[in-house]
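Naming convention: chains lettered A, B, ... in sequence-line order (proteins, then strands); numbering from 1 in each chain.
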Amino acid sequence: MLDLKYIRENPELVRQGLLNKNAKDIIDEVLSLDEERRTLIMKTDELKSKRNQASAQIPIMKKGGEDTAPVLAEMKLVSDQITLLDEQLREVGNKLEDILRHTPNIAHSSVPVGKTAEENVETKQWLPSEFSFKNDFKVLDHIELGKKLRILDFERGTKISGSGFPLYTGKGATLERALLNFMLDYHLKHHGYTEVLPPILVNRESMEGTGQIPKMEEDMYFIEKDGLYPIPTAEVPITNIHRGEILTEKDLPIKYVGYSPCFRREAGSYGKESKGFLRVHQFNKVEMVKFVKPETSYDELEKLVVDAEDILQELKIPYRILLLCTGDLSFSAAKCYDIETWSPAENRWLEASSCSNFENFQARRANIRYRNETTKKPEFIHTLNGSGLATSRLMVSILENYQTPEGKIIVPKVLQKYTGFEIIE
RNA sequence: GGAGAGAUGGCAGAGUGGUUGAAUGCGGCGGUCUUGAAAACCGUUAAGGAUGUAAGUCCUUCCGGGGUUCGAAUCCCUGUCUCUCCGCCA
């Protein structure tokens with residue numbers, strides 16, 4: 001959520017920021033509601049003060065044997081007025097809150113201005129030694145490989161649940177598990193994260209805290225009977241670990257890494273993208289989440305990207321990094337890098353990770369603060385998260401890049417001690 | 001699922017209609033004492049909002065929401081959560 005005070009003090013800056021993010025310009029409406037709200041607050045506060053004074057007087061008068069009836073009658077009127085004004089105040093406050101909750105974060109100044117994904121900027125490309133974009137044999141795509149080697153069974157996944165719910169079998173299942181374990185272990189051992197294994201059904205407050213709701217509500221699964229949402233990413237439960245808390249400055253940065261399955265309805269996005277692993281309703285992901293002091297968050301974002309890159313370099317998977325332009329940023333993000341891995345069969349890059357700095361946008365919604373040692377005051381922290389990484393798209397790249405001309409798959413070196421086998425045939 | 005009890009400050013725990021934002025203890029912070037530390041003693045210790053250059057002043061908050069009342073931590077209704085007992089269960 002954007003800071004009302006900041007909007008009040010920098011209306012044009014925020015207006016431009018929203019424009020750059022292809023968002024609705026809400027500035028004039030917000031300013032006028034804010035004005036109205038403050039006027040009402042002044043009025044009610046004055047009346048409440050009056051009431052409080054009378055409340056202190058009444059028992060004293062009673063003790064002194066004075067007649068309190070006139071005061072009581074007057075205070076009755078005051079109370080009625082307060083009730084009335086409070087109601088108006090609540091209405092205005094709710095309207096304001098509703099607008100702000102539906103308004104996205106604005107981008108950091110280092111983010112390129114742009115309308116669509118076309119204007120994202122590639123900042124890096126990393127290719128393993130001896131890698132070539134051209135193959136001297138006919139490459140199979142991950143669906144063909146999965147079927148031939150009996151490691152992925154999309155048809156039966158569909159039978160069990162519906163399309164977009166992949167079934168891993170045999171060495172495919174083992175490979176997936178190996179990949180997850182490798183990623184978790186690596187972040188724990190080399191990057192200093194604390195492991196968490198969070199709940200995967202969360203309540204509405206948690207979804208609102210990280211900003212999936214209300215804007216993306218249609219893309220979320222929902223269990224009506226219990227009012228719970230299957231998480232679209234572990235970002236939700238992990239960021240909400242500290243919802244409503246005031247953290248100690250010396251504990252920062254707090255860095256969590258956790259595995260979870262992720263559930264997305266992907267409403268209305270069926271089509272070409274939806275075959276195999278490219279777009280699924282359930283996938284596995286290792287997520288990194290950081291709670292940091294505001295002044296460090298952009299350094300932490302760069303480190304977060306490197307943490308994700310390390311995994312790909314260990315796996316020797318070709319990838320590139322995109323700096324998303326303002327128009328392609330997600331609702332809550334102020335700056336975001338996407339990491340895309342190469343798919344030889346698709347002959348294109350596939351998004352496997354997204355590393356974002358939300359600044360205090362989520363912290364404000366979820367009320368996550370830390371006590372500033374210098375000012376002694378609670379201040380909103382900055383939250384970041386990044387996939388480290390999502391296995392579905394990554395698995396596409398692993399299978400396709402590690403295939404041999406005979407259609408076998410070599411297990412990446414770093415995964416072999418996890419799988420217990422070196423080749424899938 | 002059935003029956004009962006409860007939710008108060010960082011924590012523990014008083015408080016059943018009127019100067020209670022809240023006793024007391026612990027913890028934290030500052031000080032006295034000490035070569036230093038401990039102990040002891042003294043003081044201090046919530047968050048949000050409005051207003052103001054500021055000092056300050058005022059308002060709100062005792063799980064959430066609604067109600068009764070001149071006035072609610074305290075009474076009533078409701079939601080959520082926690083605990084105990086019974087049943088069921090991986």
Side-chain angles (χ1 to χ4, degrees), chain A residues 1-9 30-101 197-209 213 222-229 237 240-252 254 261 291 360 363-381:
Chain A
M1 198 154 64
L2 293 174
D3 181 10
L4 186 54
K5 251 187 222 156
Y6 185 78
I7 299 177
R8 199 187 292 151
E9 285 157 17
V30 164
L31 290 180
S32 110
L33 283 170
D34 179 44
E35 189 65 40
E36 198 181 334
R37 181 179 142 269
R38 284 188 291 159
T39 310
L40 284 167
I41 287 174
M42 279 193 270
K43 280 189 197 161
T44 52
D45 277 6
E46 197 181 321
L47 289 173
K48 281 174 185 171
S49 176
K50 200 169 165 184
R51 181 176 69 183
N52 289 344
Q53 281 173 37
S55 284
Q57 281 309 310
I58 288 168
I60 297 172
M61 290 170 73
K62 277 189 177 167
K63 239 176 239 166
E66 288 179 63
D67 178 17
T68 55
V71 186
L72 296 193
E74 193 198 339
M75 284 306 117
K76 172 79 180 149
L77 292 178
V78 170
S79 271
D80 288 348
Q81 261 179 295
I82 290 174
T83 309
L84 215 79
L85 285 171
D86 266 349
E87 209 161 294
Q88 288 176 39
L89 183 58
R90 198 179 325 143
E91 227 169 86
V92 173
N94 285 347
K95 234 188 265 178
L96 200 51
E97 168 95 7
D98 192 58
I99 294 172
L100 290 177
R101 288 224 159 242
L197 187 59
I200 58 180
L201 298 182
V202 300
N203 57 31
R204 191 175 175 90
E205 292 74 55
S206 293
M207 292 292 268
E208 288 198 354
I213 282 180
F222 180 54
I223 300 167
E224 199 158 346
K225 200 169 177 184
D226 299 287
L228 294 170
Y229 297 81
N240 277 282
I241 287 175
H242 296 298
R243 171 152 51 89
E245 295 182 14
I246 299 177
L247 305 167
T248 309
E249 180 170 337
K250 62 174 188 294
D251 291 341
L252 301 176
I254 295 173
F291 301 81
N360 66 23
R364 200 176 285 284
R365 290 177 152 246
N367 196 23
I368 310 170
R369 295 170 291 174
Y370 80 104
R371 191 170 300 280
N372 184 315
E373 296 275 348
T374 322
T375 64
K376 303 287 181 204
K377 285 281 170 197
E379 289 172 19
F380 290 111
I381 49 111

Asker: To the nearest 0.5 Å, how far apart are CD1 in Ile41(A) and CG in Asp86(A)?
Answerer: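 Output value for this atom pair is 10.0 Å.
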Asker: U20(B) and C42(B): how far apart are their P atoms, nearest whole angstrom?
Answerer: 23 Å
Asker: Please report the distance, rounded to the nearest Å, between CD1 in Ile41(A) and P in G48(B).
Answerer: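 The answer, rounded to whole Å, is 15 Å.
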Asker: Nearest 0.5 Å please: distance from the CG atom of Asn94(A) over to the CG atom of Leu33(A).
Answerer: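 Here the interatomic distance stands at 11.0 Å.
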Asker: Does one side chain, of Ser206(A) or Asn203(A), offer a donor that lies under 3.5 Å from an acceptor on the other?
Answerer: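 Present: a donor and an acceptor within the cut-off.
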Asker: From Leu100(A) CG over to Arg365(A) CZ, what is the distance, rounded to the nearest 0.5 angstrom?
Answerer: 9.5 Å
Asker: Using purine N1 to pyrimidine N3 plus N6-O4 or O6-N4 for Watson-Crick, or N1-O2 and O6-N3 for G-U wobble, each under 3.5 Å, what pairs with C83(B)?
Answerer: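 Its partner is G4(B) (Watson-Crick or G-U wobble, both distances under 3.5 Å).
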Asker: Expressed in whole Å, how much space separates the C1' atoms belonging to A23(B) and C89(B)?
Answerer: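 Those two atoms are separated by 46 Å.
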Asker: So, is Arg371(A) close to the G28(B) phosphate, meaning a side-chain N or O under 4.0 Å from OP1 or OP2?
Answerer: no
Asker: Using the C1' atom on both, measure G17(B) against A3(B) and round to a whole Å.
Answerer: 32 Å
Asker: Find the partner of G25(B): check Watson-Crick (N1-N3 plus N6-O4 or O6-N4) and G-U wobble (N1-O2, O6-N3) distances, both under 3.5 Å, and reply none if neither fits.
Answerer: C11(B)
Asker: When Leu4(A) is tested against each of Glu97(A), Arg37(A), Arg364(A), Glu9(A) for side chain to side chain contact (heavy atoms under 4.5 Å, CB included), which residue passes?
Answerer: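 The passing option is Arg37(A).
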Asker: Taking for each residue the nucleotide of RNA chain B with the nearest heavy atom, is it Lys76(A) or Met42(A) whose nucleotide lies nearer the 5' end?
Answerer: Met42(A)
Asker: Tell me the interatomic distance from Asp34(A), atom CG, to G49(B), atom P, rounded to whole angstroms.
Answerer: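 Asp34(A) atom CG is separated from G49(B) atom P by 12 Å.
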Asker: Using a 4.0 Å cut-off on heavy atoms, which residues in residues 79-96 of chain A reach RNA chain B? List them by number, or say none.
Answerer: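 When residues 79-96 of chain A is checked for heavy atoms under 4.0 Å from RNA chain B, the hits, listed by number, are Ser79(A), Arg90(A).
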Asker: Please give, in whole Å, the distance from G49(B) P to Asp3(A) CG?
Answerer: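 Whole-Å distance recorded here is 9 Å.
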Asker: Between Arg38(A) (CZ) and G49(B) (C1'), how many Å, whole number?
Answerer: 12 Å
Asker: It should be established whether Arg8(A) places a side-chain nitrogen or oxygen under 4.0 Å from OP1 or OP2 of nucleotide A50(B).
Answerer: yes
Asker: Determine the interatomic distance between C1' on U74(B) and the same-named atom on G18(B); round to the nearest Å.
Answerer: 11 Å
Asker: Provide the distance between the two C1' atoms, one in U35(B) and one in G25(B), to the nearest whole Å.
Answerer: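 About 33 Å, rounded to a whole number of Å.
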Asker: For C58(B), which nucleotide is its Watson-Crick or G-U wobble mate, given both distances must be under 3.5 Å?
Answerer: G49(B)
Asker: Can you tell me how far C1' of U80(B) sits from CG of Asn203(A), to the nearest Å?
Answerer: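 The distance from CG of Asn203(A) to C1' of U80(B) comes to 10 Å, rounded to the nearest Å.
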Asker: Taking U53(B) as the reference, what is the distance to C41(B) when you measure between their C1' atoms (whole Å, please)?
Answerer: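 Each nucleotide's C1' atom is 42 Å from the other's.
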Asker: Counting Watson-Crick and G-U wobble pairs only, both distances under 3.5 Å, name the nucleotide matched with A38(B), or none.
Answerer: none
Asker: Once you round it to whole Å, what is the distance between C1' of G10(B) and CG of Asp251(A)?
Answerer: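 Spelled out: CG on Asp251(A) to C1' on G10(B) is 13 Å.
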Asker: Considering only atom C1', compute the distance from U57(B) to C62(B) and round it to an integer number of Å.
Answerer: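 Result for the C1' pair: 25 Å, nearest Å.
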Asker: Figure out the CD1/C1' separation between Ile60(A) and G71(B), and round it to whole Å.
Answerer: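 So the CD1-C1' distance, Ile60(A) to G71(B), works out to 14 Å.
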Asker: Which heavy atom of Ile7(A) sits nearest to which heavy atom of Leu31(A), and what is that distance?
Answerer: O-CD2, 4.2 Å
Asker: Would you indicate which nucleotide in G71(B), U51(B), A47(B) comes nearest to any side-chain atom of Arg369(A)?
Answerer: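 The listed nucleotide nearest to Arg369(A)'s side chain is A47(B).
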Asker: Can a salt bridge be assigned to the pair Arg38(A) and Asp34(A) using a cut-off of 4.0 Å between side-chain N and carboxylate O?
Answerer: yes
Asker: Sticking with atom P, work out how far G87(B) lies from U24(B), rounded to a whole angstrom.
Answerer: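 To the nearest whole Å, 46 Å.
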Asker: For A72(B), give its Watson-Crick or G-U wobble partner with both distances under 3.5 Å, or none.
Answerer: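 When the pairing criteria are applied, nothing turns out to pair with A72(B), so the answer is none.
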Asker: Once rounded to the nearest 0.5 Å, what's the spacing between atom CD of Gln81(A) and atom OG1 of Thr44(A)?
Answerer: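 Going from CD on Gln81(A) over to OG1 on Thr44(A), the span is 11.0 Å.
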Asker: Tell me, for nucleotides 54-60 of chain B in 5' to 3' order, what letter each nucleotide earns: B for a base near a protein heavy atom under 4.0 Å, S for only sugar-phosphate near one, - for neither?
Answerer: ----SSS
Asker: Choose from G49(B), C70(B), U51(B) the nucleotide whose nearest atom is closest to any side-chain atom of Lys62(A).
Answerer: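 The nucleotide sitting nearest to the side chain is C70(B).
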Asker: Partner of C88(B) by Watson-Crick or G-U wobble geometry, both contacts under 3.5 Å, or none?
Answerer: none
Asker: Could you tell me how far apart Ile246(A) (CD1) and U45(B) (P) are, to the nearest whole angstrom?
Answerer: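 Value for this atom pair: 16 Å.
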